[in-house]
Amino acid sequence: MQSKELRVNGQRLRESMEHMAKIGATPGGGVQRLALTDEDKQARDLFVRWLNDIELGVTIDEMGNIFGRRPSRNNSLPPVMSGSHMDSQPSGGRFDGILGVMGTLEVLRTLDENQVETERPITIVDWTNEEGARFSPAMVGSGVWAGALEKDWAYSRTDINDNRFEDELIRIGYKGKAACAQWPVYCYYEYHIEQGPILEREQKIIGAPKGIVCLHWYDVYLEGEANQVGPTPMEGRHDALCAAAEMILKVNELPERMHGNLVATVGEIQNHPNSRNIIPDKVHFTVDIRSWDDDHALRAWELLREEFEEIAARRGCPIKTEETWKVQHSPFDEKLVRRILDVADQLGYPNLHMVSGAGHDASYMNQVCPTAMIFVPSIGGRSHVEVENTSWEDCEAGANTLLHAILQSAQEG
Ligand code: HGY
Ligand code: MN
Ligand code: MN
């Protein structure tokens, strides 16, 4: 068969996705496969089995990143790499991350059954802890591989129950022997759901983001004074939760005050002792700021921090802030982005040049090799929720686009 006529097997892709969706399935139709949990291990074990079924050389590195390598005519050439992540949010969706891993697997299965030989090897990857939901920050596996994050720092990260990243990696049996350090990659594609409303609204099937916004993560800790809620007068209280509440509204108002091109969110909060008849004395909350303009995001944080200091002083609640993680905005390789749009045209899929507001491992891969992403629509623009959904037709269209983008790159000498 002419390679131009090649198409993936949409039914097989659907079956692999539905098989994976059973691992960590939640009552509302989503998944909970937090990084380095038993559910993550189950998905990993199944993925490795599927890689072995098509005789890919499997490598697991010391951050638990899983690579499968498909040999080629010229194995000395740097490979085309494609993949994503299999870990999820606590009440995550059945498509985020896993579609990129299963989509790439479907591409390799299709090449295999059609005996397609490529000039370059092709490597599939599952990156560890892309979400950062259990162990912050996000994209830790790809960050260490790309040399942007320190392995020992990553190993020391703890979850809310003080479990260490490294210990959990060992516990699930995925602390591999291979060094987690970048090696030459010809180019990297990541196939992913859009996680927003644009493709659906514009009635497009394929999105080709020009890149990913910057992501800046901060942690804020407030100290108040606990006391019995009844006898303690309102005057003179040091209520850490009220201080946090004022600050959280400042975060929400920030984008408007910064004249747009920015989103700012408080997604996580812990309140101590969290008892209805005790004035809270300890609060931790997170701040997530994103923009295409890194300096704009930094200015926003500086503004916030000044306001937080004023509120903390006025309420007598000492504050500590941590600049936990930053990844710069990532403009993708224009040639590869163009390739994705051209392939979508050739396959007859309406397509759109856009930007990604969601972070992806492609942010770090973009720092080490030419990188681009393929998006498909999220129904209702929803993601990171159990109702996250994408039509199987669109999943197949995305995988076909990935197939031909990978093929074109893998045939380049
Ligand atoms: O935060 C993100 O956008 C990604 O889900 N890690
Ligand atoms: Mn994702
Ligand atoms: Mn996600």
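Positions are given from 1, in the same order as the sequence printed here. As the structure lists them, so they are numbered: ligands from 1, and atoms in each ligand from 1.
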#### Entry: Student check: side-chain heavy atoms of N274 and P280 closer than 4.5 Å
no
### Task
Could you tell me whether the side chain of E200 and the main chain of G380 form a donor-acceptor pair under 3.5 Å?
yes
### Query
Against heavy atoms of A358, which atoms of ligand 1 measure under 4.0 Å?
3 (O)
### Query
Is the H19 to W50 ring centre distance short of 6.0 Å?
yes
### R339 bridged to E412 by N-O distance under 4.0 Å
yes
### Atom of H384 closest to the Mn ion (ligand 3), considering N, O or S atoms
NE2
#### Entry: the Mn ion (ligand 2) neighbourhood, protein N/O/S only, threshold under 2.8 Å
H85 NE2, D96 OD1, H192 NE2
### Query
Are W301 and Y218 close enough, and set up right, to give a ring pair (Phe, Tyr, Trp, His ring centres under 6.0 Å), and what steps lead you there?
CA-CA 9 Å; W301 171 247; Y218 303 95; 3.8 Å; yes
### Message
Any carboxylate oxygen within less than 4.0 angstrom of a Lys/Arg side-chain nitrogen, looking at K22 and E18?
### Response
no
### Query
Is ligand 1 under 4.0 Å from a heavy atom in the side chain of R290, in the backbone, in both, or in neither?
side chain
### Protein contact of atom 6 (N) of ligand 1 - nearest heavy atom, named by residue and atom, plus distance
E130 OE2, 3.0 Å
### Task
Work out which heavy atom in I212 is nearest to a heavy atom in M373; give both atom names and the distance.
CD1-SD, 4.0 Å
### Where ligand 1 meets H384 - atom numbers and elements under 4.0 angstrom, heavy-atom basis
5 (O)
### Query
Checking side chain to side chain contact (heavy atoms under 4.5 Å, CB included) against Y188, which of S142, P79, C369 comes through?
C369
### Query
For ligand 1, is there an N or O atom under 3.5 Å from any N or O atom of E131?
yes
### Query
Is it true that E62 and K177 have a side-chain N and a carboxylate O under 4.0 angstrom from each other?
no
